[in-house]
Colleague: 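The structure under discussion is supplied below as structure tokens; questions concerning it will follow.
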Amino acid sequence: MAFSPKSIGKHLLVAGLLAAASLPAFAGKTLDTIKSRNQLIVGVSSGVPGLSAPDSQGRWTGLDVDIGRAVAAAILSDPEKTKWVPLTVQQRFTAIQSGEVDLLSRGTTFTLTRDASLGLVQTAIVLYDGQGFMVPAKSKITSAKQLKGATVCLQGSNTTEKNLADFSRANKLNLKPVVFEKLDASAAAYFGGRCDVYTSDVSGLASIRSKEAKNPKDHVILPELISKEPLGPLVRRGDDEFFTIVKWVVYGLIEAEENGITQANVDQLKNDSTDPVVMRLLGKGEDMGKLLGLDREWLARAIKAVGNYGEIFERNLGEKTPVGLPRGLNRQWNKGGLMYAPPVR
């Protein structure tokens, strides 16, 4: 049977795509460095309970920390092969740009400016948040629209300062910012009575209230959100392989929750499940790891290390913790939230 040049070219293209799809990913410079060092270096906050902070024994905990541990488990087979580097708002981008850290997992908002101008790339959203206000309960203030002329404590040099200025101008409130470089200083000023109001992401407000207030019930987080703050880890631009690994670790943790895979049952499901999706996620079915430059049990290890996304949220930020945040927008997509992961297949 004769083939035209056009049909031959088409068949060669299809064959090439199928062959490429079956090949493992190139390791990439960052992945090679992490494996050679046998340690993942993660930039975190300088201490925000629920997100990233050392506990009384000096062990780092929080949602952002658990994301780092999950990545370490996937790559190095051990969630404890991590080094935590506390970074201020001013230090965080320089640290990842310079290679001081491999991964920035530090409550950072995804914005166009950051995505397009810092030499960094945003991976996946791990927390849908928004900027809000906290006031003393005794003030009887129930709405941010009642804050006209108020002094507002905040940590500066980030999106918080710009959001406050925009909200104040749009609503003619003449809010007076009192800006501090460090989080501890801004919180101390508010709780010391220097400001009428404190502003930050709502997760940060709840965290600060649980950590710093003598009685958390003496301070109220107002209902309005004045911004969208989608938070997630960042990596350096130009290393697509490592970017892809971090992104799919997060997606895998979200899909694990959707499919009922938990830290407690992951081993049992890996052995007994006949569900094709669960088998694929846990490496018993198709080998998804080779496409990432990892082995087939990369995601099973991540889940066993930190649990699925819901477990991570509830353990660090949920309503039964001192931070006390409801899941809200961070519920699964099929339960009224925004957590929707592309399929691991």
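Just so you know, these numbers use all the heavy atoms, side chains as well, and skip hydrogens, waters and symmetry mates.
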Colleague: A side-chain contact here means heavy atoms from C-beta on lying under 4.5 Å apart; do Gln332 and Glu257 qualify?
Modeller: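 Sidechains of Glu257 and Gln332: in contact.
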
Colleague: Apply side-chain contact (heavy atoms from CB on, under 4.5 Å) to Leu87 and Ser45, showing your working.
Modeller: CA-CA 5 Å; Leu87 300 168; Ser45 76; over 6 Å; no

Colleague: Rounded to the nearest 0.5 Å, how far does CD of Glu255 lie from CG of Asn259?
Modeller: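 So the CG of Asn259 and the CD of Glu255 are separated by 5.5 Å.
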
Colleague: Answer yes or no: is there an ion pair linking Glu80 with Arg59, defined by an N-O contact shorter than 4.0 Å?
Modeller: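 Yes.
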
Colleague: Hydrophobic clustering (ILVMFWY, side-chain heavy atoms < 4.5 Å, transitive) - are Leu325 and Leu329 grouped together?
Modeller: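 Yes, because Leu329 and Leu325 connect within a single hydrophobic cluster, where side-chain heavy atoms sit under 4.5 Å apart.
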
Colleague: One pair to check against side-chain contact (heavy atoms from CB on, under 4.5 Å): Thr30 and Val235. What are the steps and the verdict?
Modeller: CA-CA 10 Å; Thr30 305; Val235 298; over 6 Å; no

Colleague: Decide yes or no for Ile245 and Leu294: does some side-chain heavy atom of the first lie under 4.5 Å from some side-chain heavy atom of the second?
Modeller: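 Result yes, sub-4.5 Å side-chain heavy-atom pair found.
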
Colleague: Would Arg327 count as a cation-pi partner of Phe313, with NZ or CZ less than 6.0 Å from the six-membered ring centre and within 45° of the ring normal?
Modeller: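 Here Arg327 passes the 6.0 Å and 45° test against Phe313.
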
Colleague: Can we say Arg37 and Asp102 salt-bridge, meaning some charged N sits less than 4.0 Å from an Asp/Glu carboxylate O?
Modeller: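 Salt bridge between Arg37 and Asp102, a charged N being under 4.0 Å from a carboxylate O: yes.
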
Colleague: Please give me the minimum heavy-atom distance between Pro49 and Val323, naming the atom from each residue.
Modeller: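 Heavy atoms of Pro49 and Val323 come nearest at O-CG2, 3.7 Å.
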
Colleague: Atom CH2 in Trp298, atom CD1 in Ile303: separation rounded to 0.5 Å?
Modeller: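 Rounded to the nearest 0.5 Å, the CH2-CD1 separation comes to 8.5 Å.
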
Colleague: Salt bridge or not between Asp295 and Arg301? Use side-chain N to carboxylate O under 4.0 Å.
Modeller: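 A salt bridge links Asp295 with Arg301.
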
Colleague: Provide the closest heavy-atom pair for Ser227 versus Glu229 in the form atom of the first, atom of the second, distance.
Modeller: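 Reported closest heavy-atom pair: OG-OE2, 2.5 Å.
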
Colleague: Any Lys/Arg nitrogen of Asp115 or Arg237 sitting under 4.0 Å from an Asp/Glu carboxylate oxygen of the other?
Modeller: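 A salt bridge is present here (some side-chain N lies under 4.0 Å from a carboxylate O).
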
Colleague: Testing the basics here: between Phe110 and Ala124, what is the closest heavy-atom pair and its distance to 0.1 Å?
Modeller: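 Distance-wise, the nearest heavy atoms are CZ-O, 3.7 Å.
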
Colleague: Would you mind checking if Lys138 and Asp218 are paired as a salt bridge, meaning a charged N to carboxylate O distance below 4.0 Å?
Modeller: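 Judged by the 4.0 Å cut-off on N to carboxylate O distance, Asp218 and Lys138 do not form a salt bridge.
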
Colleague: Do Leu222 and Met134 have side chains that approach each other closer than 4.5 Å (heavy atoms only, starting at C-beta)?
Modeller: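 A side-chain contact is absent here, since even the closest heavy-atom pair is not under 4.5 Å.
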
Colleague: As an exercise, state the distance from OH of Tyr251 to CD of Glu258, rounded to the nearest 0.5 Å.
Modeller: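 Between Tyr251 OH and Glu258 CD, I get 13.5 Å after rounding to 0.5 Å.
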
Colleague: Step by step, would you call Leu63 with Val126 a side-chain contact (heavy atoms from CB on, under 4.5 Å)?
Modeller: CA-CA 8 Å; Leu63 183 146; Val126 299; 3.6 Å; yes

Colleague: Give a yes or no on whether Lys211 atom NZ has more than 12 heavy-atom contacts from other residues, nucleotides or ligands under 6.0 Å away.
Modeller: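 Correct, the count exceeds 12.
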
Colleague: In Å, rounded to the nearest 0.5 Å, how long is the span from CG of Asp184 to CD1 of Ile208?
Modeller: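 One finds 8.5 Å between CG of Asp184 and CD1 of Ile208.
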
Colleague: In the hydrophobic clustering (ILVMFWY, side-chain contacts below 4.5 Å, transitive), which residues join Tyr340, or is it alone?
Modeller: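 Via sub-4.5 Å side-chain contacts, Tyr340 links to Trp333.
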
Colleague: Quick one: closest heavy-atom pair of Leu103 and Leu234, and the distance?
Modeller: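 The answer is CD1-O, 3.7 Å.
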
Colleague: Please check this pair: side chain of Gln263 against backbone of Ala305, looking for a donor-acceptor N/O pair closer than 3.5 Å.
Modeller: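 Flag set: sc Gln263 to bb Ala305 pair under 3.5 Å.
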
Colleague: With rounding to the nearest 0.5 Å, note down the distance linking CG in Leu31 to OG in Ser36.
Modeller: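 Between atom CG of Leu31 and atom OG of Ser36 there are 11.0 Å.
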
Colleague: Tell me the closest heavy-atom pair linking Arg69 and Trp84, and the distance in Å.
Modeller: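 Scanning both residues completely, I find the closest heavy atoms to be CG-CZ2, 3.8 Å.
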
Colleague: So does Ser143 get a backbone contact from the side chain of Gln146, meaning a donor-acceptor N/O pair under 3.5 Å?
Modeller: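 Pair found, side chain donor or acceptor close to backbone of Ser143.
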
Colleague: Which of these, Val121, Leu120, Thr108, sits in a side chain to side chain contact (heavy atoms under 4.5 Å, CB included) with Arg114?
Modeller: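 Output: one option passes, namely Thr108.
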
Colleague: Report yes if the side chains of Ser200 and Leu205 come closer than 4.5 Å at any heavy-atom pair, otherwise no.
Modeller: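 In short, these two side chains touch, coming nearer than 4.5 Å.
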
Colleague: At their closest point, which heavy atom of Pro177 faces which heavy atom of Leu164, and how far apart are they?
Modeller: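 Smallest interatomic distance, heavy atoms only, reads CB-CD2, 3.9 Å.
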
Colleague: Just do the ring pair (Phe, Tyr, Trp, His ring centres under 6.0 Å) check on Tyr198 and His219 with the steps written out, would you?
Modeller: CA-CA 10 Å; Tyr198 193 92; His219 300 271; over 10 Å; no

Colleague: With no hydrogens and no angle check, is any side-chain donor or acceptor of Ser207 less than 3.5 Å from a backbone partner on Ser203?
Modeller: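 Checked: no pair found.
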
Colleague: Could you tell me whether Lys176 and Asp196 have a side-chain N and a carboxylate O separated by less than 4.0 Å?
Modeller: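 Looking at Asp196 together with Lys176, the answer is no, because their closest N to O distance does not fall below 4.0 Å.
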
Colleague: For the OG1 atom of Thr262 and the CG atom of Leu269, what is their distance to the nearest 0.5 Å?
Modeller: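 CG of Leu269 is found 7.0 Å from OG1 of Thr262.
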
Colleague: Kindly indicate, with the supporting measurements, whether the criterion salt bridge (charged side-chain N to carboxylate O under 4.0 Å, His left out) is fulfilled by Arg296 and Glu286.
Modeller: CA-CA 8 Å; Arg296 64 168 56 241; Glu286 300 167 68; over 6 Å; no

Colleague: Are Glu297 and Leu282 side-chain neighbours, meaning at least one heavy-atom pair lies under 4.5 Å?
Modeller: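 Side-chain contact under 4.5 Å: no.
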
Colleague: Does any part of the side chain of Arg194, heavy atoms only, come nearer than 4.5 Å to the side chain of Val178, both counted from C-beta?
Modeller: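 Result yes, sub-4.5 Å side-chain heavy-atom pair found.
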
Colleague: Please indicate whether Lys247 has more than 12 foreign heavy atoms, meaning atoms of other residues, nucleotides or ligands, lying under 6.0 Å from its NZ.
Modeller: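 Enclosed: over 12 neighbouring heavy atoms sit under 6.0 Å from NZ of Lys247.
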
Colleague: I'd like to check the salt bridge (charged side-chain N to carboxylate O under 4.0 Å, His left out) partners of Lys148; sequence neighbours left out, ordered by chain and number.
Modeller: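 Salt bridge (charged side-chain N to carboxylate O under 4.0 Å, His left out) check on Lys148 returns nothing, list empty.
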
